[in-house]
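So that the names make sense, note that chain A is the first sequence line, chain B the second, and so on, each numbered from 1.
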Amino acid sequence: MRVRMAPSPTGYFHLGSARTALFNWLYARRTGGRFILRIEDTDRTRLVPDSLQDIMDSLRWLDLQWDEGPAVGGAYGPYFQSERLPLYHEWGERLISAGLAYRCYCSEERIEALREGQRARKEPIIGYDRHCRTLTAAQRADLEASGATSVIRFAMPLEGETRFVDLLRKIKPFDNDHYRDPILVKTDGFPTYHFANVIDDHFMEITHILRGDEWLSSVPLHVNLYDALGWEIPVFAHLPLILDPSGVGKLSKRKKKGEGGEELLTFIREYRAAGYLPEAMFNFLAGMGWAYSPDTDLFTRRQAIERFDLADINPAAGALPLSKLEWMNGHYIRGLDPEDLAERLLPFLAESLAQPIESLWHNPALPVLVPLIQERLKTLDEAAALIDFAFVEEISYDPQMLVAKGLTPVLSLAALQAAGSLLAELPFTEEGMDVPLRGLADRLGVKVGQLFGILRVATTGKNIAPPLFGSMIALGRARTLARCAQAEELLRRM
RNA sequence: GCCCCCAUCGUCUAGAGGACCAGGACACAGGCCUUUCAAGCCUGGUGCAGGGGUUCGAAUCCCCUUGGGGGCACCA
């Protein structure tokens, strides 16, 4: 089995593309086949310079390594369509000689005007009027002599219908008349998608075409091309599209998410930057349109490979279940070895705290804090907000926060002072602090939550922070006491 | 406008005529635990789009309607 992912380098690697790549990869791994990466760079006007790199980075990040393609080579190359031009020209000419394609000299303006008129008149079929299809040899010679530019168009059968099989659905026959002689080779000498795609899939010996649903309606054209070229038709499976989280519209259009108005992430690189784990993304993406088991949504890539079957893919487009991704990412974070988590956290912390990775890595607070926030993270980028207090000299907060709920500033101050003197002498370990501090709350006649809350704010500057003892241990006795003293000062001034 | 695809809880899904008064997960609600926030545990509600058929029997098959999606480029 040979399958391929064929992105065009006209933008960053999209979530939907990633899912398509994932299914291709799974199928190849399941069947012991080959997963090929081919770059469809035939639109010179829309090329985005760093998108090729982004495609490869994203694929590698998801650990969807291709067996043939850019950077790895292979026996069926080149894997860039821009390097295969002679092949397209050769077959274009062959089709012309066989009377299955023809040169068209119509200007883009004429075509556009034609289409506009058709739409205005609400004509059922929009498309080329086949003007040049019936040109005489003499007329062609004249046009060529005048130096007119031309494209190559496919001479679609004028009538009849085209049938084909899709693995995931039952397809009605398509009327050939709807395909008005599509362009195969553009005036710039580059092929269009349809032509390059068919030729490459043939010569790369692709056996199964697994691609997005948006291609379904162009299959009849492809089928006729295969027929015209005399080639065997591969197996088709058009994968469901991923819809906007609201369930309305394709994900590809950049939109806002929900009422909050937060930006909806659509590129793999954005999810990566937001602190999602590749193993979570893999699990999540594989679980859309396909199910590993009726009992659980969690599975490893190994398990996915064992059970993957094209026939099990759900053909219906689905809304992106983002809340599930968040939960799943948290689940995978919780399952990480703390040291592993710390390492993955470093780049995120370094950026948020504006500190070099090296110094963070050697900061003794890190190994203390990471296990404490592990079950509190949905994404890696949330860590800094939780533990930054241990990595900065000064913390600032609203002094009002030091007043515990139900207590006065005076009482809060008294509690803080008592706790401060106690902390000056206690062993700085969880076991060392626990009983004495609870006892203190008891003696002061305040709730444990009240006392701990005051200390939490005094030491971290936050109402929401990692567990108190660990936070103080990460800070160390000296800094803890200093911050308590500062907090006392703030309370006195109230 | 024309063509095609799709249709199970709010969402992602399991279900390929009887094992389904429809199972799982996320989200949501309530509770337990608890030093904040989480995590964890328990409990709960909500669904086969509608209408016709076929059949002893339909979420599962057929038709229509409706809804959603995709396509109709010298973009892929």
Side-chain angles (χ1 to χ4, degrees), chain A residues 6-8 10-11 40-43 45-46 104 106-108 111-112 115 118-119 121-128 149 151-153 166 168-175 177-180 182-188 190-194 196-197 212-220 238 240-241 243 245-250 284 287-291 293-298 311 314-328 330-331 334 372-378 386 434 437-438 441 447-453 455-457 460 462-469:
Chain A
S8 72
T10 52
E40 311 221 322
D41 54 348
T42 55
D43 184 347
T45 64
R46 294 198 312 155
C104 166
C106 294
S107 68
E108 289 188 62
I111 304 300
E112 209 168 302
R115 202 161 31 227
Q118 289 167 334
R119 286 196 199 282
R121 275 173 264 122
K122 295 191 195 278
E123 287 183 19
I125 295 170
I126 313 280
Y128 184 52
T149 56
V151 300
I152 299 178
R153 283 187 187 272
D166 184 284
L168 309 183
R169 51 197 108 222
K170 35 185 178 14
I171 312 284
K172 288 185 199 163
F174 281 65
D175 205 335
D177 191 43
H178 278 90
Y179 299 81
R180 292 302 184 83
I183 291 175
L184 264 22
V185 179
K186 303 180 267 189
T187 47
D188 65 2
F190 278 69
T192 56
Y193 168 84
H194 307 288
N197 198 263
D213 202 12
E214 72 263 30
W215 295 109
L216 190 60
S217 52
S218 51
V219 177
H238 288 83
L241 257 21
L243 269 27
S246 66
V248 180
K250 212 159 67 144
F284 172 69
M288 282 198 70
W290 180 75
S293 146
D295 303 319
T296 179
D297 291 336
L298 297 168
N314 175 180
L320 187 68
L322 279 180
S323 63
K324 196 169 210 163
L325 169 62
E326 294 195 340
W327 162 77
M328 200 172 270
H331 170 84
R334 273 169 250 134
L372 298 180
I373 60 170
Q374 184 154 16
E375 67 192 25
R376 294 172 165 74
L377 298 177
K378 286 205 298 274
L386 244 27
D434 191 72
L437 280 176
R438 285 175 196 279
K447 292 192 174 114
V448 170
Q450 291 174 316
L451 177 63
F452 286 16
L455 278 170
R456 176 172 299 111
V457 173
T460 69
K462 303 170 191 300
N463 281 321
I464 297 173
L468 180 62
F469 302 152

Classify the nucleic acid contact of A:Thr45 as base, sugar-phosphate or nothing, counting any heavy atom under 4.0 Å across all strands shown. nothing

Can you check whether A:Lys186 has a side-chain N or O nearer than 4.0 Å to OP1 or OP2 of B:C75? yes

Scan A:Phe174 against the nucleic acid and name what it touches under 4.0 Å (heavy atoms): base, sugar-phosphate only, or nothing. sugar-phosphate

Nearest-angstrom distance, C1' atom, B:C33 to B:A27: 22 Å

Remember a base hit wins even if backbone is also touched, and classify A:Arg169 as base, sugar-phosphate or nothing at under 4.0 Å, heavy atoms. sugar-phosphate

Shortest non-hydrogen separation from A:Phe190 to A:Asp41 and the atoms involved: CE2-O, 4.1 Å

What's the gap between B:C37 and B:C32 when it is taken at their P atoms, as a whole Å value? 14 Å

Can you tell me which nucleotide in B:C72, B:G69, B:C12 comes closest to the side chain of A:Lys324? B:C12

Touch class at under 4.0 angstrom, heavy-atom based, for A:Leu216 against every strand present: sugar-phosphate

Set out, in order, the CA-CA distance, both residues' side-chain angles and the distance that settles side-chain contact (heavy atoms from CB on, under 4.5 Å) for A:Leu451 and A:Arg438, then state yes or no. CA-CA 9 Å; A:Leu451 177 63; A:Arg438 285 175 196 279; over 6 Å; no

Using a 4.0 Å heavy-atom cut-off, does A:Asp175 contact any base of the nucleic acid, only the sugar-phosphate backbone, or nothing at all? nothing

Sub-4.5 Å side-chain heavy-atom contact between A:Ile171 and A:Leu216: yes

Side-chain-base donor-acceptor pair under 3.5 Å for A:Thr192 and B:C74: no

A:Lys447 atom NZ, over 12 foreign heavy atoms within 6.0 Å: no

Examine the base of B:C37 for any acceptor or donor lying under 3.5 Å from a partner atom in the side chain of A:Arg376, and report the outcome as yes or no. yes

Quantified in whole Å, what is the P atom distance between nucleotide B:G57 and nucleotide B:G23? 25 Å

